[in-house]
Structure formats: structure tokens, C-alpha cells
Amino acid sequence: MSDKSTRTYDSILELLPSADNPTPIVRIQRIGGFKRAKVYAKLEWYNPFGSVKDRVAANLVRDATERGEHLENLVEPTSGNTGIGLAMLSNANNYRFSATLSKAIPVEKRTALRLFGTDLVELDDDLCPMPGQPEGAMAKAAELAQRPGWTELNQYSNPANPEAHYRTTGPEIWRQTGGGVTHFVASLGTCGTITGTGRFLKEKNPDVKVIGVHPTEGHDIPGVRSRRALALADFFKPEEYDDIIEIGDDEAYELCRRLNVEESLIAGPSSGLALAGALQAIPDDEGVVAVVIFPDNAFKYSSSFRRHLPGLFPADEAEQSAPVNPFASTLAAAFDLAQVGPDVIDADEAKRLLDSGVPIVDVRTPDEVEQVHIDGSVPLPLSELAEGETQGLPADHAQEVVTICSAGRRSLYALLLLKAQGYQNVKSVDGGMGAWITAGLPIAIL
Ligand SMILES: Cc1ncc(COP(=O)(O)O)c(C=O)c1O
């Protein structure tokens with residue numbers, strides 16, 4: 001028998017949030033150095049299926065059911081979290097669930113969806129599904145929903161999305177702050193969170209400041225959209241927000257790391273993004289009570305952290321770059337010399353060479369290349385290069401070649417191997433893909 005006071009429940013669905021059963025808000029203690037303002041993170045990973053989108057999934061299903069729709073087979077385009085919520089609600093309600101989504105979505109989320117029994121239709125689409133792309137997740141879901149017995153609830157244009165937040169997130173925050181909230185900050189994806197919560201809070205108190213935070217164009221933060229992509233979002237209502245702030249990947253990932261280390265909050269990348277915006281927008285004044293949405297936790301994003309926080313993986317890099325031929329100690333000595341030599345160039349110089357037609361040889365593993373790479377680069381794993389594979393390399397040994405890996409070690413071994421094969425003009429990119437991304441140079445995400 002359910003008993004909320006002892007947290008005993010008959011069904012997992014009773015854990016869905018409401019003003020009586022809110023997700024927690026926790027005060028940020030150190031980051032930002034706020035002395036007077038109270039800044040709270042609203043921890044959305046306390047939702048039963050792990051993210052803010054559980055609210056939306058639940059409200060989409062509730063709304064359709066109350067409108068008398070007979071739900072049996074659901075298909076939904078998703079950047080992952082709505083899919084996860086809908087997958088679990090489908091399991092609870094005996095629906096069949098199919099998700100159309102981009103292969104650029106972190107493998108951890110796609111794995112979770114498979115584990116939850118979802119049929120996945122994986123596509124070459126943007127990280128966050130966008131309308132107007134004939135081969136994209138939205139078009140595919142719309143096509144699959146034409147089959148008899150199938151329904152697309154469509155979080156991107158269904159008012160039940162912002163309504164979920166109007167009905168739950170807003171009232172929770174109002175109650176949790178005793179009506180004292182002055183600032184509300186959310187990252188922007190479908191914009192259901194900001195628009196629904198913002199409307200509720202402004203109805204309660206028109207002076208509440210509603211602040212949206214979005215990433216830069218070409219970003220790598222799952223669940224959120226750049227300004228260009230936001231322009232196509234039905235629930236993006238800039239006229240209803242007081243401020244819109246743009247944050248780069250580096251700042252978002254670094255703040256995400258700091259949240260985990262300094263605040264003991266297991267926050268994911270879009271929480272770092274939202275907090276970065278909050279740090280710009282929230283004055284450290286007496287009476288300020290800010291609530292920042294932290295959409296989900298860090299555990300679904302290890303492949304993203306591998307790309308953006310390469311400093312976390314030094315052992316990995318050393319292991320993968322271990323000398324690959326029998327003359328290990330000679331190679332190691334040559335390596336040390338090469339590391340400080342003129343053949344190590346920075347990412348901007350590599351880009352300049354690429355633009356002038358010099359091939360960039362990416363010596364990482366195919367898995368790493370699949371996650372993110374430079375358009376037009378030549379994939380040739382170090383292990384294959386060491387075995388004499390030359391596919392994609394220029395036939396003319398006098399021609400310039402640039403090598404790249406994730407942090408600049410394997411590419412240096414590759415440089416030595418290529419020189420040993422007779423290439424006279426080889427350069428290695430210092431800091432590898434990590435430095436390339438940090439420099440804001442263009443990447444392709446598969
Ligand atoms: C991790 C994450 N952060 C932020 C958002 C943005 O929320 P909204 O779609 O309500 O704007 C999403 C949405 O899917 C998300 O999954």
C-alpha cells in the first residue's frame with residue numbers, strides 16, 4: 001500500500017513529480033561565490049526515469065488519454081530523454097514504443113533506450129531533431145505514425161509539453177521558495193521547460209525574471225539547441241523571456257565538471273550550460289532567489305566528457321599511445337625529442353594547412369572517429385599505420401601531411417612512423433581533437 005511519508009509506493013508512476021512530490025532544489029554553495037543571492041539547482045534527475053523530460057512524457061500520455069485517444073503503439077522523435085520517459089511509461093502501460101533519433105546522440109542514451117525495450121530508428125540527423133529535414137528524426141516519426149494503430153505525441157509541437165511544466169515545475173518552484181522566487185533559469189531545447197514554467201511563475205508574480213540559456217552554433221551538448229535551431233522551435237517564445245544568453249561548449253563542460261567536484265552535484269552537460277548562463281544573469285543581491293533547472297545527471301554522457309574534458313583521461317591516452325613496434329625504447333626517446341620539435345603545430349595552423357589542401361590523417365580508433373571528426377580528414381588508426389597500411393596517404397613522400405589524435409600523443413607516434421616510411425614533411429597537432437574543439441574549429445559529428 002502506498003505511503004508517501006515512508007516513501008512506499010505501489011507503482012513507479014506515483015513518483016512522477018507534482019507540487020506535493022517535487023524534485024529537490026539544492027542551494028549552490030561555492031560556485032559563483034554568491035554571498036547574498038540564494039541560487040538553487042532543481043535536480044531533475046530525481047524524476048523516476050532520470051530527467052526533466054519525464055514530466056513531458058507523462059503529460060503527453062495523460063493529455064492524449066484524456067482526449068480519448070486510444071494509445072497502443074507510440075513513435076516519437078527524441079534527443080534521448082523524452083524517449084527514455086516515454087519508453088518507461090510505455091512499459092508501464094503496455095504500449096509498444098519506437099523512437100526515431102540521431103546517431104549523434106550519446107551511445108549511452110541509445111543503449112538505455114534499447115535496454116528499456118524501445119525499437120530504435122537511428123538516423124543521420126542533428127543532435128537535436130529539427131523540422132524541415134526530409135531524412136531527419138521528425139520526418140521519419142511522422143512517416144511511421146501514418147501506420148494504422150500508431151500515434152506520434154510529438155513533444156515539439158504538442159502544447160502538452162509546456163503544459164507539463166505549467167502544471168508541475170512552476171507550482172513546485174513557487175511552493176519550494178514560498179513564493180519568493182525572483183529568477184528562473186533554464187536551458188533551451190524544445191523550450192517546453194522555460195515557456196511552461198515561466199508562464200506559471202509570471203502569472204504568480206510578473207516581476208519574476210525568466211532567463212533562457214542556449215549553446216553556440218555547432219555545439220556538442222545533447223538536449224539543447226543553438227539560436228538558429230531555436231528559431232524553428234514552436235515553443236521558443238523570446239518575447240516571454242527577460243534574457244537569452246549564449247554559452248560555449250568549453251564553459252558548459254567545465255562548469256559541469258566543477259558542479260560534480262565542488263558541489264557534489266552529479267550534473268550533466270546542460271546543467272553546466274544553464275548554470276553558466278545563471279552566473280552571468282543573477283545579481284548577488286539581498287532578496288534574490290534564483291532557481292536553475294538541472295535537466296539530468298552526468299551518467300549518460302561519458303562519451304561527451306571524453307571529447308570535452310580530455311584531461312580526465314590521461315591514463316587512457318597513455319595506454320592507447322604505447323609504443324607499437326619492438327624498438328620501444330628508441331621510439332620513446334624519439335618521441336620525447338619530437339614532442340618539443342618544430343613538427344608539432346597548433347590547431348589553427350593545422351586548419352590553415354587543411355584549407356590549403358594538406359591532408360589531415362586522423363589516427364584514432366574508428367569508434368572515436370565515429371563520435372566526432374574533422375570533415376575531410378583521412379581516418380587511419382595508429383595500429384593500422386604501424387602495420388604498414390597507407391590507404392589515404394599521399395603517394396608523394398615530399399608532400400605535407402598532418403596527423404591528429406585525441407590529445408596529441410598518438411599523432412606524434414604516427415608522425416614518427418610516417419617519417420620512418422620516408423615522409424619528409426609531417427606535422428602533428430598539439431593537443432589533438434581536444435585542442436581543435438577548444439579552438440572552436442569546425443567538427444563533424446556522426
Ligand atoms: C539534457 C537536456 N537538457 C535540456 C533540455 C531542454 O529542455 P526543453 O526541451 O524543455 O527546452 C533537454 C530536453 O530534451 C534535455 O534532454
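Read the numbers this way: they start at 1 and go in the same order the structure lists the ligands and their atoms. The shown structure was predicted, so the numbers you read here are calculated from the model rather than taken from an experiment.
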Among all the protein's non-hydrogen atoms, which is closest to atom 2 (C) of ligand 1, and how far away is it? Ser270 OG, 3.5 Å
Taking the basic N atoms (NZ, or NE/NH1/NH2) and the acidic carboxylate oxygens, is any pair closer than 4.0 Å for Lys4 and Glu14? no
Is Cys191 near ligand 1, meaning one of its heavy atoms is under 4.0 Å from it? yes
Please list, in number order, the atoms of ligand 1 under 4.0 Å from a heavy atom of Gly189. 6 (C), 8 (P), 9 (O), 11 (O)
Can you check side-chain contact (heavy atoms from CB on, under 4.5 Å) on Leu123 and Thr100, steps first, answer last? CA-CA 7 Å; Leu123 302 154; Thr100 61; 4.1 Å; yes
Quick one: which residue pairs count as a ring pair (Phe, Tyr, Trp, His ring centres under 6.0 Å) with a foot in residues 61-104, not counting sequence neighbours? none
Region of Tyr301 engaging ligand 1 - heavy atom pairs below 4.0 Å: side chain
Classify the side-chain pair Asn154/Ser157 by whether it contains a donor and acceptor separated by less than 3.5 Å. yes
Starting from the C-alpha separation in whole Å, work towards a yes-or-no answer on side-chain contact (heavy atoms from CB on, under 4.5 Å) for Ile31 and Glu263. CA-CA 8 Å; Ile31 297 176; Glu263 303 282 345; 3.5 Å; yes
Nearest heavy atom to atom 1 (C) of ligand 1, choosing from Val56, Asn81, Ile84, belongs to Asn81
Got the closest protein heavy atom to atom 12 (C) of ligand 1, with its distance? Gly223 O, 3.3 Å
Please list the nearest protein heavy atom to atom 10 (O) of ligand 1 with its residue and the distance rounded to 0.1 Å. Thr193 OG1, 2.5 Å
Note: ligand 1 atoms sitting under 4.0 Å from heavy atoms of Asp296 are 1 (C)
Would you call the rings of Phe200 and Tyr166 parallel, tilted or perpendicular, taking 30° and 60° as the class edges? perpendicular
Per-atom filter on ligand 1: closer than 4.0 angstrom to a heavy atom of Gly192 are 10 (O), 11 (O)
Counting each atom of ligand 1 from 1 as listed, which ones have a heavy atom of Val224 under 4.0 Å away? 4 (C)
N-O pairing of Asp242 and Lys202 below 4.0 Å: yes
Would you call Thr82 a ligand 1 contact, heavy-atom distance under 4.0 Å? no
Ligand 1 contacted by Ser187 (non-hydrogen, < 4.0 Å): yes
Need the ligand 1 atom indices (1-based, order shown) with element for anything under 4.0 Å from a heavy-atom of Thr190. 8 (P), 9 (O), 10 (O), 11 (O)
Counting only heavy atoms, which portion of Lys53 has something under 4.0 Å from ligand 1: side chain, backbone, both, or neither? side chain
Close side-chain approach of Thr23 to Arg55, heavy-atom, < 4.5 Å: yes
Going by heavy atoms in the side chains, are Val210 and Glu240 under 4.5 Å from each other? no
